[in-house]
Amino acid sequence: MITSVLVANRGEIACRIFRTCRELGIRTVAVHADADENALHARVADAAVRLPGAAPSDTYLRGDLIVKAALAAGADAVHPGYGFLSENPGFARAVLDAGLTWIGPPPEAIEAMASKTRAKELLGIEPLRAVTEADLPVLVKAAAGGGGRGMRVVRRLADLDAALEAARAEALSAFGDGEVFVEPYVEDGRHVEVQILADTHGTVWALGTRDCSLQRRHQKVIEEAPAPGLTPELTDSLYEMAVRAAVAVDYVGAGTVEFLIADGKAHFLEVNTRLQVEHPVTEAVFGIDLVAEQLRVAEGHALAEEPPRARGHAVEARLYAEDPARDWAPQTGTLHRFAVPEGVRLDTGFTDGDDIGVHYDPMLAKVVAHAPTRAEAIRRLAGALDRATLHGPLTNRDLLVRSLRHAEFTTARMDTGFYDRHLTALTDPAPDPYAPLAAALADAHGRSRFGGWRNVPFQPQVKRYVMAGEEIEVQYRHTRAGLEAEGVRVVHADAALVVLEVDGVRENFEVARYGDEIHVNATRLTALPRFPDPAAQHAPGSLLAPMPGTVVRVAEGLAVGAPVRAGEPLLWLEAMKMQHKISAPVTGTLSALHVVPGQQVTVDSLLAVVQEP
């Protein structure tokens, strides 16, 4: 019987596995990189072991260090979570060779299926060996891992070599394996998958379908179970293929078989030999705990002959610290306050006051709603996200709410091209126009008691903010009756709450300030100084770092004085395990280059300057 589990992972999934272990009376052990020393998963575990360093290749991808940590901490089992080493057969063997229980499929099954190239070969599907114009568009994909990393769509043959190089580098950094392959790219299909669970006694459960079509950079954003709109015949065929794949490799434990649905036909994608990020929607619909089932299977217990019956519908949204309007640029900083309303499930690796760093995936949490019908589940999730308190770096919360309420999603007509079609409209800023005034009135609370109004009773006070990328100026007055502003009636104002009445309708504005960062309900503002600092100005054509990260590559031959074209890639930043291309903003001459490969930069660091003719 398992008594102590080390989770070879971090963040949200480590915390989620620990939760089940605590419920079962199992001791928990965390591992943490130096950058995660104060992370939530390291704090909530019964014991934690340091992995020196910060880069994944030095820490969470070091199977030898993790096995040593398990033995040192007295763990008798290892759960890999997802990502990192979860689909690494060598790591699974090392765990077993150390006399520990491996909570996952046998190394042989991982070896057969974890590599997408080998999985396709096992099922008789050949990758493209030589790409021609007739094959375009194609998808370059990492053979190991997942999460959208190491993937590139290629629409021109001339771009293939660069895509292969970028995908290899990203896959090597994220998974420790730089193998990539090429397959046909199916435009705008639906991404549907089947959850499987198998024991050591020959029983395999097909636990329903999930739709994961809403994706950015081939990484899922919103998932649901069951997948809507599938015919019974198509559903049965997906179950049959999923179970056949599991039986073919003597699969044990939890796994996912993924498909792309186009024109009513299923195209096999891969088998993920691990727990998926979106497993909570399956748990909600089937009323089970998949982690608890993984532990039971690892202990040798048999599954029931038939899985439990499904009930209702569940939808999950992944909350990221990122800016969807700026090419999904990851965001960093302090998460000052994070709370969601009751009635939904929250899986997270963060809590109030935690720092969001540059080293790992920018996902903050998964928010899950379950209800008797799909429409009710969508409404519940959208409402909870809309009312969530998120004080800190910019997130994709507004995008998630708008996506859930979009007609294509509510009517189940979505596909993997959803964000290609709708991203501009979904990220069009729509902040509350009264948020800046509420922030100014909250800041002004109590100042009139010092008598300022007696000297200049009608002189307007001016405050300036940046809201949704635009500079906003608001005015108010101190009067004998209190604070006043044009066009509204100030019902109440203190440092935390402002109540305004506009055309007879009252609205409450909750205000929180963290230095120059101000949150008014769901609107994020930056307070501007009264007199701008001239030193903060940058020359036209300046390229600023959109996020903290490491310069991993500079375009070949790029040097000061070189001509460049608008949109031409100049350098690449790596942040949160993803590579981000920095392109020339205008056509002209490179007049300055301030970075070299390997250099770490902070947000808004000056990278280069392109001077127009």
Side-chain angles (χ1 to χ4, degrees), residues 113 116-117 119-141 146 148 151-157 160 163 181-196 206-246 248 256-272 276 278 281-282 313 315 374 378 403 406-423 426:
M113 289 297 188
K116 300 173 183 63
T117 51
K120 286 178 178 291
E121 290 170 0
L122 184 66
L123 296 177
I125 304 169
E126 289 290 326
L128 289 173
R129 302 297 182 185
V131 180
T132 67
E133 289 283 354
D135 297 317
L136 299 175
V138 296
L139 182 65
V140 177
K141 186 186 289 188
M151 296 176 68
R152 296 290 188 278
V153 177
V154 178
R155 301 184 184 279
R156 299 189 312 151
L157 208 55
L160 180 60
F181 67 97
V182 181
E183 66 181 10
Y185 181 58
V186 179
E187 298 270 17
D188 302 339
R190 283 180 60 189
H191 190 122
V192 175
E193 58 193 31
V194 176
Q195 173 73 57
I196 56 173
L207 286 167
T209 58
R210 296 190 289 250
D211 190 297
C212 312
S213 297
L214 266 62
Q215 303 177 4
R216 53 62 153 165
R217 290 183 165 180
H218 310 290
Q219 192 170 47
K220 301 159 189 173
V221 176
I222 294 176
E223 304 106 341
E224 61 180 303
L230 301 183
T231 64
E233 294 77 17
L234 180 56
T235 301
D236 288 344
S237 70
L238 295 177
Y239 287 174
E240 188 274 329
M241 282 188 281
V243 171
R244 178 158 52 91
T256 300
V257 185
E258 302 199 351
F259 304 90
L260 201 60
I261 308 297
D263 299 324
K265 298 180 180 178
H267 302 265
F268 171 80
L269 287 177
E270 59 186 302
V271 177
N272 288 311
Q276 290 278 91
E278 59 273 21
V281 292
T282 298
H313 202 94
V315 187
R374 182 175 187 266
I378 292 171
S403 299
H406 194 280
E408 269 190 31
F409 185 78
T410 57
T411 57
R413 292 182 290 112
M414 66 286 181
D415 55 47
T416 56
F418 179 83
Y419 287 124
D420 293 335
R421 295 190 298 273
H422 303 302
L423 185 61
L426 291 170

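Closest of all the heavy-atom pairs between Leu139 and Met151 is CD2-CE, 3.6 Å. Nearest heavy-atom pair across Thr209 and Ala227 is OG1-N, 3.0 Å. Counting all heavy atoms, side chain and backbone alike, Gln215 lies closest to Cys212 at NE2-O, 2.8 Å. The two residues Glu224 and Val281 have their closest heavy-atom pair at C-CG2, 4.2 Å. Of all heavy-atom pairs between Met113 and Ala245, the closest is CE-O, 3.6 Å.
The distance from the CD1 atom of Ile222 to the NE2 atom of His406 is 11.5 Å, given to the nearest 0.5 Å. Rounded to the nearest 0.5 Å, atoms CZ (Arg152) and CG (Leu160) are 12.5 Å apart. Here NZ of Lys265 is found 13.5 Å from CG of Leu260. Values are rounded to the nearest 0.5 Å.
Here Ala266 pairs with Leu234, Leu238, Met241, Phe259, Ile261 under the side-chain contact (heavy atoms from CB on, under 4.5 Å) rule; sequence neighbours left out. With sequence neighbours left out, the ring-ring contact (aromatic ring centres under 6.0 Å, His included) criterion links Phe409 to no other residue. Taking Glu233 as the reference, Thr231 meet the side-chain contact (heavy atoms from CB on, under 4.5 Å) condition, with sequence neighbours excluded. Scanning for salt bridge (Lys or Arg N to Asp or Glu O under 4.0 Å) contacts around Arg244 gives Glu240, with sequence neighbours left out. Looking at residues two or more places apart in sequence or on another chain, you find a side chain to side chain donor-acceptor pair (under 3.5 Å) between Arg210 and Glu193, Gln195, Thr256, Thr282. The salt bridge (Lys or Arg N to Asp or Glu O under 4.0 Å) search around Glu223 returns Arg318, not counting sequence neighbours. For the ring-ring contact (aromatic ring centres under 6.0 Å, His included) test, no residue two or more places apart in sequence or in another chain qualifies with His313. Looking at residues two or more places apart in sequence or on another chain, you find a salt bridge (Lys or Arg N to Asp or Glu O under 4.0 Å) between Glu258 and Lys220. Taking the side-chain contact (heavy atoms from CB on, under 4.5 Å) definition, one finds that Ala248 meets it with nothing, sequence neighbours left out. Taking Pro184 as the reference, Leu128 meet the side-chain contact (heavy atoms from CB on, under 4.5 Å) condition, with sequence neighbours excluded. In terms of the side chain to side chain donor-acceptor pair (under 3.5 Å) criterion, residue partners of Glu183 (sequence neighbours excluded) are, by chain and number, Lys120, Lys141.
His218 and Tyr185 have perpendicular rings, their planes meeting at more than 60° on a 0 to 90° scale where under 30° would count as parallel.
Counting only distance, with no hydrogens or angles, the side chain of Asp211 and the backbone of Ser213 share a donor-acceptor pair below 3.5 Å.
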- Task: Decide side-chain contact (heavy atoms from CB on, under 4.5 Å) for Leu426 and Phe418; before the verdict, give the C-alpha distance in whole Å, the side-chain angles of both, and the deciding distance to 0.1 Å.
- Result: CA-CA 10 Å; Leu426 291 170; Phe418 179 83; 3.6 Å; yes
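The stretch residues 410-420 participates, sequence neighbours left out, in these side chain to side chain donor-acceptor pair (under 3.5 Å) pairs: Ser403-Tyr419, Thr411-Arg413, Asp415-Arg421.
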